[in-house]
Amino acid sequence: MTLSDFDSYRPAHEGRRKKKRNRPPGNGRRRGGGGGDGAREMSMVDDVEFSDSYYGRPIVKPPPWDWKISAYLFAGGVAGGSGMLAAGADAAGLEKLRRNTRLTALGATIGGTGFLILDLGRPERFLHMMRTFKVSSPMNIGTWILSGFGTAAGVVAAIEVDRITGEKLPLGPLRTILHWVEKPTGAVAALFGAPLASYTGALLADTAVPTWNAARDNLSYLFVSSAAMASSGVAMITTPTEQTRPARVLATAGAAADLYFAEKLTEPMHPAEAEPLQTGRAGKKLRWAKGLTIAGGIGAALLGRNRIAAIASGAALATASALTRMAVLEAGIDSTKDPRHVVEPQKARLEARRAQGIVDDSITTVG
Amino acid sequence: MFDFREKPGQLIDAHGQDTERKGFFTDTSICIGCKACEVACKEWNQVPMEGNLELLESSYDNTGGLGANTWRHVAFIEQDEEQIEKARDSGQKLISLGMPSIGAPETREKDTAKHIGMPEFGSPGTRIKEKVDNPPNPDTPEFRWLMSSDVCKHCTFAGCLDVCPTGALYRTEYGTVVVQDDICNGCGTCVAGCPFGVIERRDTGTIHTKPDRVDSRYAMDVKHEGTANKCTLCYDRLVDDQVPACAQTCPTTSIKFGNQSEMVESAVERVTTMHAQGSTEARLYGANTNDGVGGIGSVFLLLDEPEVYGLPPDPQVPTKDLPQMYKKVGIAAAGMLAAAATAFVGARKK
Ligand code: SF4
Ligand code: SF4
Ligand code: SF4
């Protein structure tokens, strides 16, 4: 577009230039199904074209969350799963498993909470999360779950430490009380551990970030599967094989569920929402995670009685879980970078509603 | 069914007096891109500088977009004949969808530019009045400017407010959405919760523009570092019955301020006028209480599709689906507990 001589100095319109190049010759305005552009996924919705954007700038902003939040998601899963394993081990009389999983649960809680606090813009105000109880905020509810879990896990871990040190902690009469509440507190930790592992699904899904929001149907399921296999994996590393049979069973089940829900995750998504999970850094991590999950799952099921194989399988499963968390976090962040991931699905759902005759719920109106 | 979405309820101020929901109507058809609103907002709210005074190669827009340090942003779009035609077509399509509307005009007058009426304001002289009534319009059939001053939408269902875990974000007595900077702990959840990409955590930004001014006695620390920041709809001015700085400074009345219901009314009136004048490209953004965010506090009149301006075409408050998400959280948690319990069946140590 040159309107005057001076326009030759004007930088070309980025979005427009791209669009022109992609448009099949002779076709007025519809660019059907993304054909002719190898860089893009085939669009399933032929009717919707990605026309314009504002200089390709993002529409939705990514939250300022980095690897620390991935680490928190992972640690929260390990903590929650370990809390359950500990309660089960306590009931079944598997002392070493109980001791190790209780210590893991507390360690992961402390580590995870640390990451969560460090990721705040004002870490000294962490406790402001608890000045209110707000159901509409998964972050708020999650903090309450985390504190509930942390308290219970802390108490039972303290009992274990006391036992390891030969009851040398200066507990005085408190020791009797602690032993008296040990079993119920362990059960409380298990009960809080479950939502601790699953609420993070809602934490990510309850956002305007396209890929996370579109994952809302399966994200919690994926995260508990991931948590089950990670916590059991850690238990297989820390605990001798004669006590880890339940952990191996849970690890295998978790791995199978993880594989299933990782596939299912993108099913309800628009191609532009699924793409960040399938390509780029997140796609690569998810492919590695899949391989490690299969290897670790098979290892846990078949070779778990061998100490070395158990450690290797456990490590594979824990790594796979960490990679999955990282991949989901990064895919969401990446989905905000190109406005296409926002505009295409939104236009598609708007068109779909209009095709059904629903025309009264658009943000764009004519009067 | 549960609904966790917060929305403006009965609004009363600190003295127990009833108050009205306030808002903007930004009529982009008369915006001249002077950026006075950007400057006024920066000055009044002491919003620090963003970036390094770069040229962004996007027409006259060197601001970029809304963020922690940009609460008003004027967008500049240059369009050629094909895009103008497309905008008219998409507007026409909207009209013919049978939405609540005034119906499509039968014919479109060719030279619309002359007929775009500007709303009157108290003009100091007839010569100026003449200019105002018949504005010289640089747009031609082959070229037009789109200029639009973007701002926080002060949504009816505000995603940022719903997901904020500290309660730092709250609904004021004017129905607006404001961050309490002494409460916010910078968790960043609101950034992800906003479907419009408005609110942001202030991690950077500088008050002093040049290194040599760092030692100057005028140098200041960046305010509210590490907390979320966005337009407050000039809350501090509203409590004193003042007009927000951006609206007060706007020389063309493109930014209008008032009771939200009246803003919607004048927006509808304006789009109706423009359609009657043949400008089928005109459309409203955010005037529908039925949309994904329940309507917005700062209504816009746009001359092309929202995404052309960098606005989402079908924003939805994420909290709308939160009940279902919590259901999944519950099922997932129960499933995990059941799986763990099953794993221990028959595991009792002999
Ligand atoms: S536009 Fe974004 S920041 Fe503004 S009120 Fe709505 S959700 Fe909050
Ligand atoms: S960054 Fe501040 S305002 Fe935003 S959600 Fe967190 S606490 Fe609330
Ligand atoms: S209302 Fe106030 S804070 Fe908001 S954009 Fe205008 S001047 Fe800035």
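On a predicted model such as this, the values are computed, not experimentally measured, just so you know. Below, read A as the first sequence line, B as the second, and so on, with proteins coming before strands; counting in each chain starts at 1.
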Side chain, backbone, both or neither: which part of [X] has an atom under 4.5 Å from a heavy atom of chain A?
X	answer
Pro315(B)	both
Cys164(B)	both
Leu322(B)	side chain
Gln316(B)	both

* Asked: Among residues 129-139 of chain A, which ones touch chain B with a heavy-atom distance under 4.5 Å?
  -> Met129(A), Arg131(A), Thr132(A), Lys134(A), Val135(A), Ser136(A), Ser137(A), Pro138(A), Met139(A)

* Leu337(B) and Leu191(A): side-chain contact (heavy atoms from CB on, under 4.5 Å), yes or no, with the steps? -> CA-CA 8 Å; Leu337(B) 272 173; Leu191(A) 284 179; 3.9 Å; yes

Among [options], single out the residue with the greatest number of heavy-atom pairs under 4.5 Å to chain A.
options	value
Cys187(B), Gly292(B), Pro306(B)	Cys187(B)
Ala267(B), Cys194(B), Gly295(B), Cys184(B)	Cys184(B)
Val163(B), Val345(B), Leu311(B), Val268(B)	Val163(B)
Cys190(B), Gly330(B), Ala282(B), Ala340(B)	Ala340(B)
Ile296(B), Ile199(B), Leu301(B), Thr189(B)	Thr189(B)

* Pairwise side-chain hydrogen bond (donor to acceptor under 3.5 Å, both in side chains) hits with a residue in residues 194-207 of chain A, at least two apart -> Tyr72(A)-Tyr199(A)

* To do: Please answer whether the main-chain N or O of Leu66(B) pairs with a side-chain N or O of Lys61(A) as donor and acceptor at a distance below 3.5 Å.
  => yes

* Asked: Out of Lys347(A), Gln346(A), Arg353(A), which residue meets the side chain to side chain donor-acceptor pair (under 3.5 Å) rule with Asp314(B)?
  -> Arg353(A)

* Let me know if Leu127(A) has heavy atoms under 4.5 Å from chain B in its side chain, its backbone, both or neither. => neither

* Asked: Listed by chain and number, what are the salt bridge (Lys or Arg N to Asp or Glu O under 4.0 Å) partners of Asp66(A), not counting sequence neighbours?
  -> Lys68(A)

* **Residues that Asp150(B) engages under salt bridge (Lys or Arg N to Asp or Glu O under 4.0 Å), provided they are two or more places apart** => Lys153(B)

* To do: List the steps and the verdict of side-chain contact (heavy atoms from CB on, under 4.5 Å) for Arg125(A) and Thr227(B).
  => CA-CA 10 Å; Arg125(A) 295 183 182 169; Thr227(B) 66; 3.7 Å; yes

* Hey, are Tyr54(A) and Asp61(B) close enough side-chain-wise for a donor-acceptor pair under 3.5 Å? -> yes

* Asked: Can you find a side-chain donor-acceptor pair between Arg57(A) and Ser58(B) that sits under 3.5 Å?
  -> yes

* For Phe344(B) and Leu85(A), which heavy atoms make the closest approach, and how far apart are they? -> CZ-O, 3.3 Å

* With a 4.5 Å heavy-atom cut-off, do Pro313(B) and Val343(A) have their side chains touching? -> yes

